[in-house]
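Just below is one structure, and these are the notes that go with it.
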Amino acid sequence: MSTFFLCTALFLCFLMLASLYRAIFGPTVLDRLVGVNAIGSKTVILLLLIGFLYGRVEMFIDIALAYAFLNFITVLAASRYFHKRKGLYEESFLE
Amino acid sequence: MDILAIFFLVTGLIFFTGGAIGIIRMPDFYSRLHPAGKLDTLGIFAMVLGLIFYSLHHFSMDTLISILKMLLIVFFVFLSSPTATHSIVDAGMRAGLRHWTKKKRR
């Protein structure tokens with residue numbers, strides 16, 4: 001059973017590479033935000049899986065909970081920061 | 001009980017792969033948001049359900065508490081993911097990002 005957890009964790013890391021691609025090559029800044037948000041939500045699950053792998057479930061559940069909060073606040077702060085920026089419009093034309 | 005756990009974990013993985021592929025393939029920023037926001041939330045829900053079933057078969061008081069905490073995480077992600085996606089779209093619209101239309105490519 002724990003090998004199955006290991007395989008799911010590795011597969012999740014591979015999926016993170018996919019959303020990392022979007023975070024790097026995203027044409028507009030907000031695409032990068034979407035990529036980071038996707039990676040953040042996958043890390044929450046990865047933390048839970050690691051918790052189950054190492055047997056210390058309670059500790060890792062708290063870490064995953066804290067990470068979910070952080071991910072949410074980060075996305076809110078970043079999108080709030082990009083509210084007034086007019087720069088996005090030209091970038092999206094270069095697509 | 002283990003079969004259920006494996007089943008839910010695999011469905012969670014399928015949702016995550018759908019989300020990852022959706023993020024890459026979608027043509028425009030707004031359509032790219034659609035799978036990212038939804039499928040990740042659903043993937044988290046399915047995988048946590050699988051982990052709960054896995055931790056159910058040696059049931060005791062402290063596993064009950066960890067199950068409740070996992071449900072709290074799922075509940076929080078259900079709340080936070082749509083609001084986060086909403087604020088991203090709000091930032092995009094305010095910055096004048098036009099959505100992709102079929103006729104003209106730009």
Side-chain angles (χ1 to χ4, degrees), chain A residues 1 4-5 7-8 11-12 14-19 21-23 25-31 33-35 37-38 40-42 44-45 48-49 51-52 57-58 61-62 64-65 67-69 71-93 95, chain B residues 2 5-6 9-10 12-13 16-17 19-24 26-30 32-33 35-37 39-41 43-44 47-48 50-51 54-55 62-63 65-70 72-74 76-77 79-81 83-92 94-98 100 105-106:
Chain A
M1 195 53 188
F4 178 68
F5 283 153
C7 302
T8 43
F11 190 69
L12 264 176
F14 170 68
L15 284 182
M16 270 193 219
L17 289 182
S19 42
Y21 163 78
R22 175 53 56 203
F25 293 110
T28 56
V29 180
L30 291 171
D31 289 328
L33 203 56
V34 170
N37 184 17
S41 65
K42 288 184 181 61
V44 169
I45 279 295
L48 278 178
L49 281 173
F52 270 87
V57 185
E58 279 73 22
I61 283 182
D62 299 339
L65 190 63
Y67 200 86
F69 284 139
N71 185 26
F72 175 52
I73 290 169
T74 312
V75 170
L76 279 188
S79 59
R80 179 64 59 185
Y81 169 71
F82 286 122
H83 257 198
K84 294 294 174 292
R85 282 264 315 270
K86 275 288 167 283
L88 298 175
Y89 193 69
E90 287 75 28
E91 263 167 54
S92 78
F93 262 114
E95 216 171 277
Chain B
D2 267 359
I6 291 180
L9 281 170
V10 168
L13 272 185
F16 271 129
T17 34
I21 294 169
I23 280 182
I24 295 176
M26 285 296 181
D28 176 67
F29 161 65
Y30 294 108
R32 215 169 280 142
L33 257 179
L39 284 175
D40 281 352
T41 332
I44 285 180
M47 293 197 98
V48 166
L51 291 178
Y54 171 70
S55 64
D62 55 359
T63 46
I65 295 168
S66 61
I67 288 172
L68 284 179
K69 268 196 261 185
M70 272 198 262
L72 177 67
I73 291 181
V74 167
F76 176 71
V77 167
L79 279 180
S80 77
S81 178
T83 28
T85 319
H86 167 72
S87 74
I88 293 178
V89 171
D90 190 26
R94 214 179 280 270
L97 205 57
R98 274 202 336 280
W100 186 76
R105 172 66 193 85
R106 264 215 324 248

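Within every chain, numbering begins at 1; the chains are lettered A, B, ... in the order of the sequence lines, protein sequences first and strands thereafter.
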Less than 4.5 Å apart, any side-chain heavy atom of [X] and any of [Y]?
X     : Y     : value
B/L51 : A/F5  : yes
A/L48 : B/M47 : no
B/T85 : A/V34 : no
A/F69 : B/S80 : no
B/V77 : A/F72 : no

About how many Å separate [atom2] of [Y] and [atom1] of [X], when rounded to the nearest 0.5 Å?
X     : Y     : atom1 : atom2 : answer
A/F52 : B/L9  : CZ    : CG    : 9.0 Å
A/C7  : B/L13 : SG    : CG    : 10.0 Å
B/T63 : A/E58 : OG1   : CD    : 8.5 Å
B/K69 : A/D62 : NZ    : CG    : 3.5 Å
A/Y67 : B/I73 : OH    : CD1   : 13.5 Å

Fill in the blank from the handout: Closest heavy-atom pair, B/I44 versus A/S41, reported as atoms and distance to 0.1 Å, is CD1-O, 3.6 Å
Exercise for the section: Could I get the full list of side-chain hydrogen bond (donor to acceptor under 3.5 Å, both in side chains) partners for B/S81, not counting sequence neighbours? Expected result: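 B/S81 satisfies side-chain hydrogen bond (donor to acceptor under 3.5 Å, both in side chains) with B/T41 only.
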Practice task
Could you list the residues that satisfy side-chain hydrogen bond (donor to acceptor under 3.5 Å, both in side chains) with B/S87, not counting sequence neighbours?
Solution key: A/S79
Handout entry: A/I45, part contacting chain B, at a heavy-atom distance under 4.5 Å
Key = side chain
Problem - Pairs of heavy atoms under 4.5 Å with chain B: top-ranked of A/A38, A/G35, A/G51 - result: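 Option with the top pair count is A/A38.
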Practice task
Sort B/F76 into side chain, backbone, both or neither according to what part of it lies under 4.5 angstrom from a heavy atom of chain A.
Solution key: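 Only the side chain of B/F76 comes within 4.5 Å of chain A.
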